[in-house]
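To start, the structure itself, in structure tokens.
All values below were derived from every heavy atom in this structure, side-chain atoms included, with hydrogens, water molecules and symmetry-related copies excluded. As the structure is a prediction and not an experimental result, all values here were calculated from the model. Indexing begins at 1, ligand by ligand and atom by atom, following the structure's order.
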Amino acid sequence: MNRNAKKCRQCGREIYFDGICISCQTENERNRILALSQEEIDMAIRQICDEIEKTGELDQESQLFKNLVNYRDIDTTKIAKAAFKERLFYPCELYKDAPDDVIKEMLEMLKQDHIDGRLAGNLLLCLAVYGGEEVFHAFVELEKNPRKWRENLYVNPSFYATYGGWSYDNSGKFRKTNFEKCYPMVKGTLEEKKHSPVKIGVKTDEKCPDCGCRIVNLMEIDGRDPRLDYLEIPGTIKAKCCPNCIPYSDDNFCRYSIDGESSIISGEEHFSTEDYLEEEGVEELCSNSYILGEAPVPLRYAADWEGGSSIGGFAFWIQDCDIKRCPDCGKPMKYLAQIQWDTVIDNMEGNAYIEICSDCNIIAILHQQT
Ligand SMILES: [Zn+2]
Ligand SMILES: [Zn+2]
Ligand SMILES: [Zn+2]
């Protein structure tokens with residue numbers, strides 16, 4: 001143990017300050033929010049509206065707001081009204097349940113040519129989170145006939161839409177980019193993991209041609225478990241990759257069959273790298289005991305730091321939301337799962353994300369870190 005190292009007073013993990021670790025702090029706050037009564041939630045909502053009305057900003061109460069949305073999926077109607085009055089458009093989840101008239105006014109704002117690019121970007125995100133027919137048609141129209149502000153943005157409205165879990169293909173056809181249910185991965189035993197329909201980290205016999213590291217199934221999902229009906233996967237699929245190369249490559253796809261076979265699609269990008277993970281790291285990854293949670297949780301349950309690993313719902317994007325285009329059909333893929341690396345490999349940072357195109361049986365695996 002390092003000389004400066006202390007122990008978390010709650011879980012015993014090594015930390016470098018007195019007290020409890022970030023992960024335990026997050027867990028305690030989550031448990032507190034999960035235990036709030038409806039009356040206490042209403043009070044918290046009033047508190048959030050108060051700050052917005054008094055200061056025109058959401059600062060002091062921003063984490064409270066995020067936690068209430070993520071863990072309790074609160075109705076944001078009142079908060080959206082307060083925010084719109086102050087023309088506050090960040091964070092975009094403020095408008096999740098905005099009233100119709102607010103949405104209509106926001107769409108009117110976007111149809112102007114001369115609004116600030118930053119404002120346009122924020123409006124697009126807020127409207128994306130709200131979603132619905134009218135917003136979808138407006139986005140398609142704005143992409144076809146861009147207003148002046150588009151010059152100041154890097155990407156099209158179809159990209160912004162993915163923050164709300166939807167998008168559209170090149171012909172303007174609607175595509176969901178998120179699943180409508182979310183299950184967490186929770187700590188179980190190795191024995192329970194054997195029977196879990198979702199497993200993180202399973203070794204294969206293959207070796208990576210680029211670095212020599214052992215190839216793993218980063219996630220195995222048996223869609224026949226009734227909990228996973230919403231995925232509409234009538235068999236077992238495996239997200240196969242080289243765990244050592246993932247952080248260095250933006251181009252990780254594999255082709256799966258629903259009887260559990262997967263083969264990595266070698267992209268254009270070929271690079272040789274050292275095997276930093278080695279057999280020891282692979283062993284660590286594959287010896288975790290995470291299992292699929294018993295009950296579904298709100299869609300944004302895992303959408304923050306220390307959100308852990310989960311299937312469906314919304315990811316916590318450390319950088320920008322990154323919904324890949326399927327290499328076969330070119331349509332937006334669908335976000336499927338997130339793995340928080342340091343919960344399965346102690347010194348690995350960031351998250352892995354798994355996306356799927358079930359039309360073409362293609363899986364993408366992405367990595368992001370700070
Ligand atoms: Zn701890
Ligand atoms: Zn590799
Ligand atoms: Zn496809």
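Taking the six-membered ring for Trp and the full ring otherwise, Tyr71 and Tyr301 have centroids separated by under 6.0 Å. Ring to ring, Tyr163 and Trp317 are not that close: their centroids are 6.0 angstrom or more apart. Aromatic rings from Phe89 and Tyr95 are positioned such that their centres are separated by under 6.0 Å. Ring to ring, Tyr160 and Trp166 are not that close: their centroids are 6.0 angstrom or more apart.
Listed for the Thr236 side chain is no donor-acceptor partner under 3.5 Å among the backbone atoms of Asp259.
For the Zn ion (ligand 1), the count of nearby protein N, O or S atoms, meaning those under 2.8 Å away, is 4.
Rounded to 10°, the angle formed at the Zn ion (ligand 2) by SG of Cys208 and SG of Cys245 is 120°. Seen from the Zn ion (ligand 3), atom SG on Cys329 and atom SG on Cys360 lie at an angle near 110° (rounded to 10 degrees).
Atom CG of Asn28 is surrounded by more than 12 heavy atoms from other residues, nucleotides or ligands within 6.0 Å.
For the Zn ion (ligand 2), the set of nearby N, O or S atoms under 2.8 Å includes one belonging to Cys211.
Both the sub-6.0 Å distance and the 45° axial angle are satisfied by Arg87 relative to the ring of Phe84.
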